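Shown next, in structure tokens, is the structure this report addresses.
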Amino acid sequence: QVQLVESGGGLVQAGGSLRLSCAASGSISSINAMGWYRQAPGKQRELVATITSGGTTNYADSVKGRFTISRDNARNTVYLQMNSLKPEDTAVYYCNADLKPVGWLRFYDYWGQGTQVTVSS
């Protein structure tokens with residue numbers, strides 16, 4: 001079974017930093033893009049950042065210049081370094097991966113369970 005496990009969320013003051021990690025485990029054949037999404041209370045889930053297997057990145061305008069996404073392909077792990085955090089960054093952050101399990105013919109979207117990030121003012 002394939003699963004994504006996130007870690008690194010927590011409570012931080014405005015202006016502070018946090019680093020999220022997400023490791024994909026199980027019988028994985030290949031992973032395309034990995035990314036981070038977030039959902040604040042009463043709002044829809046939104047894209048934060050994505051990264052392809054080749055390292056091409058994409059960011060939401062609201063986090064450009066503050067957040068950095070990276071990945072370790074050997075470890076099937078994606079990271080999100082979050083600096084200069086603002087109260088509006090408060091949300092549950094979800095890891096996402098477009099991956100193909102061993103023995104399967106196509107890629108599927110997998111999601112982590114989410115990790116809470118709270119930024120106090």
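Small disclaimer: the values here were computed from a predicted structure and weren't measured.
- In this structure the side chain of L20 reaches within 4.5 angstrom of the side chain of M82, judged on heavy atoms.
- Note on Y93: it clusters hydrophobically with I51, by side-chain heavy-atom contacts below 4.5 Å among ILVMFWY residues.
- Minimum heavy-atom separation, S121 to A14: CA-CB, 4.3 Å.
- Every residue was checked against the side-chain hydrogen bond (donor to acceptor under 3.5 Å, both in side chains) condition with T52, not counting sequence neighbours, and none meets it.
- Between L99 and N32, every side-chain heavy-atom pair lies at or beyond the 4.5 Å cut-off.
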Indicate every side-chain donor-acceptor pair of residues 57-69 with a distance under 3.5 Å to a residue at least two apart or in another chain.
unit_1, atom_1, unit_2, atom_2, d
Y59, OH, I69, N, 2.9
D61, OD1, K64, NZ, 3.1
S62, OG, R38, NH2, 3.4
R66, NH1, S84, O, 2.9
R66, NH1, D89, OD2, 2.8
R66, NH2, S62, O, 2.8
R66, NH2, D89, OD1, 3.0
R66, NH2, D89, OD2, 3.4

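- Hydrophobic cluster membership is shared by V119 and V48, with clusters built from Ile, Leu, Val, Met, Phe, Trp and Tyr side chains linked at under 4.5 angstrom.
- Distance CD/Q1 to OH/Y110: 9.0 Å, rounded to 0.5 Å.
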Exercise answer: donor-acceptor pairs, residues 73-80 side-chain atoms, under 3.5 Å, sequence neighbours excluded:
unit_1, atom_1, unit_2, atom_2, d
N73, OD1, R71, NE, 2.6
N73, OD1, R71, NH2, 3.3
N73, ND2, S53, O, 3.1
R75, NE, D72, OD2, 3.2
T77, OG1, R75, O, 2.9

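- Within the structure, no pair that satisfies the disulfide (SG to SG under 2.5 Å) test touches residues 55-85, not counting sequence neighbours.
- A continuous path of hydrophobic side-chain contacts links V117 to M34 [ILVMFWY only; heavy atoms under 4.5 Å].
- Legend: residues meeting side-chain contact (heavy atoms from CB on, under 4.5 Å) with Q116, ordered by chain and number and at least two apart, are T90, V92, T118.
- When the side-chain hydrogen bond (donor to acceptor under 3.5 Å, both in side chains) test is applied to E88, no partner is found at least two apart in sequence or on another chain.
- Pairs passing the disulfide (SG to SG under 2.5 Å) check and including a residue from residues 42-75, sequence neighbours excluded, do not occur.
- Listed by first and then second residue, the ring pair (Phe, Tyr, Trp, His ring centres under 6.0 Å) pairs that reach into residues 1-37 are Y37-W111, sequence neighbours excluded.
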Which atom pairs, one a donor and one an acceptor, fall under 3.5 Å between side chains of residues 101-108 and the rest of the protein, sequence neighbours left out?
none

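- Residue pairs meeting the disulfide (SG to SG under 2.5 Å) criterion with at least one partner in residues 33-92, sequence neighbours excluded, do not occur; the list is empty.
- Evaluation of the side chain to side chain donor-acceptor pair (under 3.5 Å) test over residues 14-31, restricted to residues two or more places apart or in two chains, returns S17-N83.
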Throw together a table of side-chain donor-acceptor distances under 3.5 angstrom for residues 4-13, partners on residues two or more places apart or in other chains.
unit_1, atom_1, unit_2, atom_2, d
E6, OE1, Q113, N, 3.1
E6, OE1, Q113, NE2, 3.4
E6, OE1, G114, N, 2.6
E6, OE2, C95, N, 2.6
E6, OE2, G114, N, 3.4

